[in-house]
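What follows is one structure encoded as structure tokens, with my remarks underneath.
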There are 2 protein chains.
Amino acid sequence: MQPTKPSIDNPASDKNQTLVEQILVQIQESIIKGELRPGSKINEQALAEKYGISRGPTREALQQLERQRLVVRIPHVGARVATLTIEELNDLYELRSTLEAMACELAAKRISEQQLNQLWALLEKQEADLARGDSYFQQEGDVDFHYQIIRASGNRHLQETLIGGLYHLLRMYRYQCTSSSRPVRAIAEHRRIVEAIAAGDAELAGLLMRRHIEQGRQNTQQRLQQLTAPAASAVS
Amino acid sequence: MQPTKPSIDNPASDKNQTLVEQILVQIQESIIKGELRPGSKINEQALAEKYGISRGPTREALQQLERQRLVVRIPHVGARVATLTIEELNDLYELRSTLEAMACELAAKRISEQQLNQLWALLEKQEADLARGDSYFQQEGDVDFHYQIIRASGNRHLQETLIGGLYHLLRMYRYQCTSSSRPVRAIAEHRRIVEAIAAGDAELAGLLMRRHIEQGRQNTQQRLQQLTAPAASAVS
DNA sequence: GATTTGAGGATTGTCTACAATGCTGCTCAC
DNA sequence: GTGAGCAGCATTGTAGACAATCCTCAAATC
């Protein structure tokens, strides 16, 4: 029985862990969900008091968040929540597209029997969720889908780069530019990707993933544009 | 006049900077050059005393080094210098190859007049150094070469991933598996890459970079194999 | 009125001390 | 002799206080 990894990273669920790891996930969620607004300043002291800890662990957590691109820190000035811009969105998706295509190609070559079964199971669950119209779990499921493929690539540096470095920022864009999803099409694309991986067709799998992510980019960009420049429609 | 960036990152040269930034580069060099041996344990207290500072900044520096893959930290256990293994070398170069090929393609599309001139200038300097047999500057020059192309890609996330995340570890492999270089061939390859970029031929530029890096991988792997398994030749 | 300059306050950087955890090497039972 | 269990020590995690830097805002000068 596989341990059904529900979250992006699995810090053994808060228990008996270090303070930094405990509050890190909480601050992550706050940022991703926009409770800490993009671009807003983060006060170490205030943040520490909010979680009832001292500034030491808080600073370490902020450094971790900087590594995940969720926070920008400037020496002697302080930390700010990352801002969402069209240019960065494009840079981010450009990179993500390349990396996940690579992950797909590698997965097609290297995926294990067990991992493939897991992937099929997840896909079927997604399709079932879709039929029930359960959109929240779809979003989570989509994260898991990409996550599993990345793991199946077997390249630990690739995994670290995507999951440890890029994925949280991606979640932030997706959450805040709440693309209530194009689920039917997306999950159809998922199926074709899994089929290509199962067939060991690396080139096709990579190509399909590239297109799949490009679809996601366009979708997110559209929403972000509506958010950042609502003046045009509001003025007239 | 461009400021001739000599180092991987330019922290305004130690002056008036934060302690962390000052010692970070020093520890980096110690690790890359092997003064801190791969796999050896790092004692926070001892390291702090060595540089005459307290444990706070030392811990922050170690976290930065973890981000750069030069150090592995385990909660409540401590930090170790990264170990060099064949598998990781392959993972690392696999990823690097994809990312730098991407950088090359983007550079071919987006490089500015000024950046291209800089690149030509660097190439000519490399060829001149080669003629003089100046191998140390060749190595540095090679780093700069890739660095400039990465910058020319214009994708800030790509830059951050490669330069902030991967490049120091790459330097470590290259330094310690001291490939005294295949300079003639490498620089010939450099020239063809620049020509492709100048011609705006993204596909060719990416392809050439892929092959160029694959050459580097084989070279480094060979040296590493000799280092990790010298028993065979020593026993008999 | 606009610009500069400096004092005051707020925030970040660093240090020291203490608490919590993991590791080492001994004793003791089998 | 070998393995388990415990005590002591070394090391990391956390807290709180002090030092250094930056930002704000008002007063003074042009």
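Please read these numbers as outputs of a predicted model, since none were measured by experiment. Quick note on labels: first sequence line is chain A, next is B, and so on, each numbered from 1.
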Protein-nucleotide distance ([X], atom [atom1]; [N], atom [atom2]), rounded to Å:
| X | N | atom1 | atom2 | answer |
| --- | --- | --- | --- | --- |
| Leu19(A) | dT21(C) | CG | P | 10 Å |
| Ile74(A) | dG13(C) | CD1 | P | 11 Å |
| Leu47(A) | dA15(D) | CG | P | 13 Å |
| His76(B) | dC9(D) | NE2 | P | 22 Å |
| Arg55(B) | dA10(D) | CZ | P | 15 Å |
| Ile53(A) | dG16(D) | CD1 | P | 11 Å |
| Ile23(A) | dA15(D) | CD1 | P | 9 Å |

What is the ring orientation for Phe145(A) with His190(A), classed by angle as parallel under 30°, tilted 30 to 60°, or perpendicular over 60°?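 Plane angle under 30°, so parallel.
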OP1, OP2 of [N] versus side-chain N and O of [X]: anything below 4.0 Å?
| X | N | value |
| --- | --- | --- |
| Lys41(A) | dT12(C) | yes |
| Thr18(B) | dT12(C) | no |
| Arg59(B) | dG13(D) | yes |

In terms of side-chain heavy atoms of [X], which of [options] is nearest?
| X | options | result |
| --- | --- | --- |
| Val77(A) | dA17(D), dT11(C), dC22(D) | dC22(D) |
| Ser54(A) | dT11(C), dA15(D), dT14(C) | dA15(D) |
| Glu44(A) | dA15(D), dT12(C), dG22(C) | dT12(C) |
| Asn43(B) | dT11(D), dT14(D), dT12(C) | dT11(D) |

So does [X] pair up with [Y], basic N to acidic O under 4.0 Å?
| X | Y | answer |
| --- | --- | --- |
| Arg55(A) | Glu60(A) | no |
| Arg156(A) | Glu88(B) | no |
| Glu94(A) | Arg110(B) | yes |

Does Leu62(A) reach a base, just sugar-phosphate, or nothing at all? Heavy atoms under 4.0 Å.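 Contact class for Leu62(A): none.
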Identify whether any heavy atom of Gly56(B) sits under 4.0 Å from a base atom; if not, whether one sits that close to sugar-phosphate; answer base, sugar-phosphate or nothing.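 The answer is nothing, as Gly56(B) stays clear of every strand by at least 4.0 Å.
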Looking at every heavy atom in both Gly141(A) and Leu122(A), which two are closest together, and how far apart are they?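 Here Gly141(A) and Leu122(A) meet closest at O-CD2, 4.1 Å.
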